[in-house]
Amino acid sequence: AEVQRPLATVVIGGLITATFLTLVVVPVLYAWLESRKQRKVNGGDQSYINVNTTVITVFLVIGALFSSGNMAAQNSELTQTLTLDEAVAMARENYPTLKQGKAFIEREQAMKRCDTFALSPEQAMKGTSFDLGRTFLYAGKEDQGLQQGTLRTFGAQQGNIDLLSGFSKSKFYKERIKLGEKFYDLSEQQLVRDVMQAYYQIAYNKARLKLAQRLDSIYANFESAAKLRYDSGETGKLAYISASSEYQQIQVLRQQAYDDIEIAKRALKQYLGMAGPIETMDMPYGAISAMPVADSIDISNNPLLQFDLQNAEVGKANVKVERAQFLPKFSLSYDNLKYNDFTGFNAYQAGISIPLWFLPQKNRVRAAKADARVAENQYLEQKAVAQSIVSQLYKAQDKTLKTLRYYEEAALPLAEEQLTTAELASKEGEIDYISYITILNSAINIKINHLDFINQYNQQAIEVQYQLGNL
């Protein structure tokens, strides 16, 4: 897309201009010429001129509408240039996974509110909540016989009152809310990592493109000189073919850089939730500020490890909820009695319900314990994996940094000197085309390898910060 942009601009501009000439300019000129001709034939009659004025006006309106539509289309496709911080902020606002994490937290908060009932704001703040069960209202009438009269009953019953398992339920839903928060943090850290890696990948490909453009100029001059020498008979056809082949390879390198930029931009746009064209800030390409390698690896803030740890806490809280089902539940009832015309009779009852058949609930407790052990082992496994990954990344990053120092202190100055000297020697005819190509290819490989190692180091540095939970 990048390489085709200049051509597309020329084509679109030509189409707009040609359309305007066809729909506006040509009809206006034709109407004007015809009106002058008709005036001579009609002896100066102006009626035909008025008709042509109307036609001209219509064509002008059509041309104006067409031009404004094209201008609006061009404005709607304006490229948005983003800094890294702006890209991260936009991704946090638009990425669906973060919205999913927020929805999960809201769901768990709603479950906590609907499953339990807080007796007071202070208890709600402490997380103590109780299930007051269901209220049952009833009325009854009992005939005592012909001589005894009628007994009427009005009453209310509150059954299945759970005063003992409210603590464990409240704890369980609080842990679930924390799990949702950890999931959100994990998704956010992953998103920031992906955005940064895509952004720096674009910068890497831009640096490759800049190098390819510089080499394009060098090899274009080399190919032109080789052609002149071949035409003048100073060199054979093989020299010219070799120069042309090297120039074509640089064109391929340039096109690959264009394509890789577009691929990286599409990956970035996916995280940003954007459909229009974007551009990143042009900046000197180099390695991210060196981060010291710690003697001991602290992975306590690893986002995935934090999520697994909280999942283990949810498993433990679930075991307590299942155990609480063994605890008794309570019921209360009140009856107001009326016998014939006599009132003032009240009856009160308090009851307790105890599960007599424990086996099904015991199995539920066993299942909850098994789930908790699975979550705990998953956490321990993730901890070992994270430690290994960070240790390997530290070692790889240190290795890449040493290589970068070699390139920056020794190889790059030598490559730059090779390019300058070889180009000067070639112009003066001091070296043949084989030596010139060999020197150029050596310098090019050094520069390309240097860019590759910078990109490798940057990607490693971003991954390390993600594993440590520092993004």
Side-chain angles (χ1 to χ4, degrees), residues 88-89 91-134 160-194 298-327 329 361 364-383 386 466-471:
V88 170
R92 282 174 171 157
E93 181 179 356
N94 298 333
Y95 200 58
T97 303
L98 295 187
K99 296 180 181 179
Q100 177 184 349
K102 291 180 179 179
F104 180 87
I105 297 173
E106 293 173 357
R107 173 186 177 276
E108 295 304 321
Q109 290 173 340
M111 289 294 295
K112 182 177 183 295
R113 288 193 295 267
C114 72
D115 189 77
T116 55
F117 175 78
L119 293 179
S120 66
E122 292 76 17
Q123 289 174 332
M125 292 297 292
K126 295 177 182 178
T128 59
S129 52
F130 305 91
D131 187 358
L132 298 183
R134 293 178 175 271
N160 204 32
I161 302 174
D162 190 359
L163 298 177
L164 302 179
S165 65
F167 296 98
S168 58
K169 287 182 179 179
S170 177
K171 175 68 174 177
F172 172 74
Y173 282 110
K174 286 177 66 177
E175 296 298 337
R176 289 279 296 178
I177 292 172
K178 290 181 181 179
L179 181 65
E181 294 171 349
K182 295 299 181 183
F183 175 75
Y184 180 86
D185 293 340
L186 170 62
S187 301
E188 184 181 35
Q189 290 279 314
Q190 290 176 338
L191 178 62
V192 173
R193 175 197 62 184
D194 294 340
D298 182 14
I299 58 170
S300 59
N301 292 327
N302 180 279
L304 185 55
L305 189 63
Q306 287 285 312
F307 177 81
D308 288 338
L309 176 60
Q310 186 57 39
N311 192 40
E313 294 297 323
V314 171
K316 294 176 182 178
N318 187 43
V319 172
K320 293 181 180 180
V321 170
E322 295 298 338
R323 282 177 175 171
Q325 300 306 310
F326 291 116
L327 300 175
K329 295 180 174 60
Q361 190 58 37
R364 295 188 187 97
V365 173
R366 291 193 188 99
K369 288 182 178 179
D371 291 339
R373 288 194 298 270
V374 169
E376 181 70 21
N377 291 329
Q378 185 176 356
Y379 162 73
L380 295 175
E381 179 184 2
Q382 180 59 35
K383 184 177 181 180
Y466 163 74
Q467 293 292 335
L468 298 179
N470 294 334
L471 294 179

Separation between [atom1] of [X] and [atom2] of [Y], rounded to the nearest 0.5 Å:
X: Glu376; Y: Gln378; atom1: CD; atom2: CD; value: 10.5 Å
X: Lys171; Y: Lys174; atom1: NZ; atom2: NZ; value: 6.5 Å
X: Leu327; Y: Phe167; atom1: CG; atom2: CZ; value: 11.0 Å
X: Lys182; Y: Ile177; atom1: NZ; atom2: CD1; value: 14.0 Å
X: Phe172; Y: Leu179; atom1: CZ; atom2: CG; value: 9.5 Å
X: Ile299; Y: Gln467; atom1: CD1; atom2: CD; value: 8.5 Å

Looking only at heavy atoms, which two atoms of Ala312 and Ala375 are closest? And how far apart?
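Scanning both residues, the minimum pair turns out to be CA-CB, 3.7 Å.
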Shortest non-hydrogen separation from Val314 to Glu175 and the atoms involved
CG2-O, 3.5 Å
Mind checking what makes side-chain hydrogen bond (donor to acceptor under 3.5 Å, both in side chains) contact with Glu188, not counting sequence neighbours?
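Residues passing side-chain hydrogen bond (donor to acceptor under 3.5 Å, both in side chains) with Glu188: Arg92.
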side-chain contact (heavy atoms from CB on, under 4.5 Å) assessment of Tyr184 paired with Lys102
CA-CA 7 Å; Tyr184 180 86; Lys102 291 180 179 179; 3.5 Å; yes
Is the closest basic N to carboxylate O distance between Lys316 and Glu313 below 4.0 Å?
yes
Determine the sole option in Asn301, Asn302, Leu309 for which the side chain to side chain contact (heavy atoms under 4.5 Å, CB included) test with Leu305 is passed.
Asn302
Could you walk me through whether Arg366 and Lys369 pass the side-chain contact (heavy atoms from CB on, under 4.5 Å) check?
CA-CA 5 Å; Arg366 291 193 188 99; Lys369 288 182 178 179; 5.7 Å; no
Gln361 atom CD, neighbour heavy-atom count above 12 within 6.0 Å
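Correct, the count exceeds 12.
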Judged by modelled atom types alone, do Lys178 and Gln310 share a side-chain donor-acceptor pair under 3.5 Å?
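No - no donor-acceptor pair under 3.5 Å links their side chains.
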Would you please test Leu191 and Leu98 for side-chain contact (heavy atoms from CB on, under 4.5 Å) and show each step?
CA-CA 9 Å; Leu191 178 62; Leu98 295 187; 3.6 Å; yes
